[in-house]
Protein chains: 2
Amino acid sequence: MADGGTGEAAGRVTIRTVAADAGVSVAAVSKVMRNAYGVSDALRLKVEASIEKLGYRPSVAARGMRGRTFTLGVLLVGIDNPFLPGIYQGIESVTEAAGYKIMVGVGAARTPTEVQLIEQMIDNRMDGLILVATQIAGETLEHFARQIPIVVVGHHEPEAVGYDTINNHDQNGAALVVQAFHARGYTDIAYVSQSEQGDHLADVAPQRELGYRTAMEKAGLADHIRVFRLPQIGLPREDAMRQILTAKDRPRAVFCWSDLDAIPLMSEAYRLGIRVPDELAIVGYDNSPVAALPMMDLASVDQNGPLLGKLAAEALFSRMNGRKVANHLAIEPILVKRGSL
Amino acid sequence: MADGGTGEAAGRVTIRTVAADAGVSVAAVSKVMRNAYGVSDALRLKVEASIEKLGYRPSVAARGMRGRTFTLGVLLVGIDNPFLPGIYQGIESVTEAAGYKIMVGVGAARTPTEVQLIEQMIDNRMDGLILVATQIAGETLEHFARQIPIVVVGHHEPEAVGYDTINNHDQNGAALVVQAFHARGYTDIAYVSQSEQGDHLADVAPQRELGYRTAMEKAGLADHIRVFRLPQIGLPREDAMRQILTAKDRPRAVFCWSDLDAIPLMSEAYRLGIRVPDELAIVGYDNSPVAALPMMDLASVDQNGPLLGKLAAEALFSRMNGRKVANHLAIEPILVKRGSL
DNA sequence: CCCGTTTCGTGCACCGTTCTACGTAAATCA
DNA sequence: TGATTTACGTAGAACGGTGCACGAAACGGG
């Protein structure tokens, strides 16, 4: 039946199989696949029939050696970060409509791993890259950006020339929190950040810290500025948290750089019998689903992940289409007020 | 630094660039890369020096056209499922040590998407595939398994001949829950599952249901067997939950097929002022981090994701090394008892 | 009716690897 | 020393596509 013709043995159906079956040249099949110029309806029909019949799928690997792969790489910091799903979904909504596929790399928040994954994606001939919350230095990014179109999400590099950045305005997000605290009459407002280990100012935590400091000053609370730093996620952190919570001069309100820290902190407070918000007000960042649970009821800044993802994908496409000048977008986050505030 | 050397103008440094730089043949460089037989120390040193100097990295795409890519594909159901991180980490621990890279596909729990992703991975010439909690039918899997080594996690297909399956023993996990409930004196124990929409018996939810039913019968509670089905995740489900919780014959204890449902259900109970566990005992599955939060304190079955991942990766490697006979493993889950029980 | 344009289809040279087959020089054996 | 073996290195044909350059046919205007 199908592949009877040439009596070839087993194996994969390649472009040649299709060409033989349809009685046309290999180039013709290629043209149809890419719907390139110069294909008559008759030819197209013949070829499409054969493709259908044989179930032909072009090899991405082979295709990538000369043309495009129609595959984009998305590099994620990890897999359990609450703000990733929204962004991913936003990206996907755009790329799917454009007929592009996505391959994901999971970076585990370690720079060398992330670099390897980027190289891996370049070596796999992806057509473009979206890096989400990468920790890689701007200089390194410029280096990679010379090899492949890149858009970065969740990493502030407003001077970058070789790639685009899409962010929520982290400084404004922090300011929202300070203002909301202040409006409720709190003055002793602290910021809880992750360890500075390997931090760049480009990362979101320092940006939020900057926004916090600026807003505190603007509110006339400059002398109440206090910053606590927790050990990296993965290390034991209960001690550090307990220290913050049991100190005599415990702050009246804390703004956590991420729900990733706000939630454990809130849990620790609960365990210690500290009432939220009567004794301690807490606000996080990323508006993760857990924060929205009624038992948590944690106020949090929402950065609209789906929109970020959508904008990132669109920026990537426009860059892939030849735009050379860098785009740097910042969208406005909103504060989702809940009982912890 | 690295790529300064020759100050070459154009593109990428390929195997030819290296060969020219080292003054040897292309084949020689290839041999060094694959550390194949028949390379003198002198040659190897020369070539390695050039590789280092030029910062050469072989193209995975090109390599894939003839040899191996040293890349594995991992297909995940989604990105926000609490039991994925553990599994992924387990996989990674094995593959990283073996020098293999991972590319992830995110399936969104829709069969056509998943099929496309698998094809995509085959087309990208991955060396093997691990499918986590796929919904694809066994028959289709056998079809793909003829093209590429496959290991499936979180999907029961004990009769499969072309691929391996690695699972926790979902039926036993369910039995643990029923026994624990019963030991506390509860008899009116219900099971809450997801919609049967597109379900196979191979999926975990029906397996857990089976385990639940069997254990209920064994405990002499056959006439207390009750199964509720919630709408798919993504659809509005509050109504359905409220219906369960406010019914006159509300069960005394519920076992949820996943924390993904147990947590919202518990939240809804909280909102309705139903005390857990005094009025309603709840146990979930997957022991997600949220369940462990002191405010939630949700008992849950732990299936040891890291171990599952590790076993899956090991099975895949042994299969890639030529094993033909299928392996089907089931590890024993444990019940993590917490306040909700 | 002739000749310049289009339109359509094909041949073929890539892309960056792997890997088989082969040539040659050195080492071993009888 | 001549005949084998062994070790090393290389040419060149894949692999499965893309896309340029080209030729043939169809078209159309003067």
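In what follows, every heavy atom counts, from backbone to side chain, and hydrogens, waters and symmetry copies are set aside.
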Pull out every protein N or O sitting under 3.5 Å from an N or O of nucleotides 22-27 of chain D, one pair per line with the distance.
none

message: Using every non-hydrogen atom in the two residues, find where B:I148 and B:M126 come nearest and quote the distance to one decimal.
response: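 In terms of heavy atoms, the two residues are closest at CD1-O, 3.4 Å.
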message: Any salt bridge linking B:R63 with A:D123? Criterion: basic side-chain nitrogen under 4.0 Å from a carboxylate oxygen.
response: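 A:D123 and B:R63: not salt-bridged.
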message: Does this structure show an ion pair linking B:E114 with B:R110, if we count only N-O contacts that are shorter than 4.0 Å?
response: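 A salt bridge is absent here (no side-chain N lies under 4.0 Å from a carboxylate O).
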query: With respect to the phosphate group of C:dC8, does any side-chain polar atom (N or O) of A:Y37 fall under 4.0 Å of OP1 or OP2?
result: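 No, A:Y37 has no side-chain N/O under 4.0 Å of OP1/OP2 on C:dC8.
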- request: Could you tell me the separation between the CZ atom of B:R66 and the CZ atom of B:R125, rounded to the nearest 0.5 Å?
  value: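 If I round to the nearest 0.5 Å, the distance is 12.0 Å.
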Test side chain to side chain donor-acceptor pair (under 3.5 Å) applied to B:E92 - qualifying residues, sequence neighbours left out: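 Testing B:E92 for side chain to side chain donor-acceptor pair (under 3.5 Å), a comparison that skips the adjacent residues, returns none.
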- request: Measure the distance from CD1 on B:I122 to P on D:dC15 and round it to the nearest whole Å.
  value: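 Value for this atom pair: 19 Å.
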message: Rounding to an integer number of Å, can you tell me how far B:L43 CG sits from D:dT10 P?
response: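 So the two atoms are 7 Å apart, to the nearest Å.
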Mind listing the side-chain donor-acceptor pairs of residues 38-48 of chain A below 3.5 Å, one per line with the distance, residues two or more places apart or on another chain?
{"unit_1": "A:S40", "atom_1": "OG", "unit_2": "A:L43", "atom_2": "N", "d": "3.2"}

- request: Please collect all ring-ring contact (aromatic ring centres under 6.0 Å, His included) contacts where either partner lies in residues 127-155 of chain B, sequence neighbours excluded, each pair once.
  value: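 As it turns out, there is no ring-ring contact (aromatic ring centres under 6.0 Å, His included) pair with a partner in residues 127-155 of chain B once direct neighbours are skipped.
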Contact list for residues 92-115 of chain B, test ring-ring contact (aromatic ring centres under 6.0 Å, His included), sequence neighbours left out: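 Sorted result for residues 92-115 of chain B: B:F70-B:Y100, B:Y100-B:F317.
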Under 4.0 Å protein heavy-atom contacts per nucleotide of nucleotides 12-26 of chain C, with B for base, S for backbone only and - for none: --BBBBBB-------
